[in-house]
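The structure appears right after this line, and notes come after that.
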Amino acid sequence: QVQVVESGGGSVQAGGSLRLSCVASGYTYVHKYIAWFRQAPGKEREGVAAIYTGGGMTNYADSVKGRFIISQDNAKNTVYLQMNSLKPEDTAMYYCATGDVGRDWYPALKIYMSIEYWGQGTQVTVSS
């Protein structure tokens, strides 16, 4: 049984940092897309960052470029999202999604991906 679990969320002040983790059990991050999405209350879910584990290629939404860094640790089957210079508008539930290169277009991330699994999410709250 595959489980995707996010952790690392919390409450910080503007300008602070958090590191989110996405760990998959029963699933191997080999030649897969791992992407972070977020959803704020009353808003649609949006792509934040993605990494293709086959070669380490990364993609970022314009709103987080230069502030967030996505990375992978293959030995731990873990993908991280380092979030720096956090802003109140980054407040949202953050979700990890895993899948293959596919046919669904995610414009914020500029990737085609077929999502196989979602995590339950981790809350990030940034206060001003």
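Remark: R45 is positioned above the aromatic ring of Y95, its terminal NZ or CZ atom under 6.0 angstrom from the ring centre and at most 45 degrees off the axis. For R19 and Y80, the positive end sits near the middle of the six-membered ring, less than 6.0 Å away and at most 45° from its axis.
Under a 3.5 Å cut-off, the side chain of S63 and the backbone N or O of A61 do not form any donor-acceptor pair. No donor-acceptor pair under 3.5 Å is formed between the side chain of Q13 and the backbone N or O of S127. The closest donor-acceptor contact from the side chain of N77 to the backbone of Y27 lies under 3.5 Å. Of the possible donor and acceptor atoms, one in the side chain of T122 sits under 3.5 Å from a partner among the backbone N and O of G9.
In this structure, Q123 places its CD atom where more than 12 heavy-atom neighbours from other residues, nucleotides or ligands lie under 6.0 Å away. Around CD of Q39, the count of heavy atoms belonging to other residues, nucleotides or ligands within 6.0 Å exceeds 12.
One distance of note links OG1 of T91 with NZ of K43; it measures 10.0 Å at 0.5 Å rounding. In this structure, the separation between OG on S21 and CD on E6 is 10.0 Å, given to the nearest 0.5 Å. How far CD1 of I111 is from OG1 of T58: 11.0 Å, rounded to the nearest 0.5 Å. For the atom pair CD (Q82) and CD1 (I70), the distance works out to 12.0 Å, reported to the nearest 0.5 Å. Rounded to the nearest 0.5 Å, atoms CG (D90) and CG (N84) are 10.5 Å apart. I51 CD1 to L109 CG: the interatomic distance, rounded to the nearest 0.5 Å, is 12.5 Å.
Using a 4.5 Å heavy-atom threshold, the side chains of C96 and W118 count as separate. Proximity of I115 to F37: side-chain heavy atoms (C-beta onward) are separated by under 4.5 Å at one or more points. Counting only heavy atoms from C-beta outward, the side chains of Q72 and I34 never approach each other to under 4.5 Å. At least one side-chain heavy atom of V124 sits under 4.5 Å from a side-chain heavy atom of M83. In this structure the side chain of D104 never reaches within 4.5 angstrom of the side chain of M113, judged on heavy atoms. Here the side chains of V79 and Y29 are in contact, with some heavy-atom distance below 4.5 Å. No side-chain heavy atom of Y60 sits under 4.5 Å from any side-chain heavy atom of R67. R38 places a side-chain heavy atom less than 4.5 Å from the side chain of V64.
At a threshold of 4.5 Å between side-chain heavy atoms, the hydrophobic network of Ile, Leu, Val, Met, Phe, Trp and Tyr places M57 and Y106 in one connected group. In the hydrophobic clustering of this structure, V12 groups with L20; members are Ile, Leu, Val, Met, Phe, Trp, Tyr whose side-chain heavy atoms approach within less than 4.5 Å, directly or through other members. The hydrophobic cluster containing I69 also contains L18, counting ILVMFWY residues as joined when their side-chain heavy atoms lie under 4.5 angstrom apart, directly or transitively.
Checked against a 6.0 Å centroid threshold, the rings of Y112 and Y33 do not count as neighbours.
Minimum interatomic distance between L81 and A49 (heavy atoms only, all atoms of both residues): CD1-CB, 3.9 Å. Of all heavy-atom pairs spanning A14 and P88, the tightest one is CB-CD, 4.1 Å. Shortest non-hydrogen contact noted between N59 and K110 is ND2-O, 3.9 Å.
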Decide yes or no on side-chain contact (heavy atoms from CB on, under 4.5 Å) for K32 and D100, but give the supporting numbers first.
-> CA-CA 5 Å; K32 296 287 185 183; D100 292 308; 2.8 Å; yes
Stepwise, does the side-chain contact (heavy atoms from CB on, under 4.5 Å) test hold for V4 with C22?
-> CA-CA 7 Å; V4 177; C22 175; 3.6 Å; yes
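Ring geometry for Y94 against F68 counts as tilted: the plane angle lies between 30° and 60°, on a 0 to 90° scale. Classification of the H31-Y52 ring pair by plane angle, with boundaries at 30° and 60°, yields tilted.
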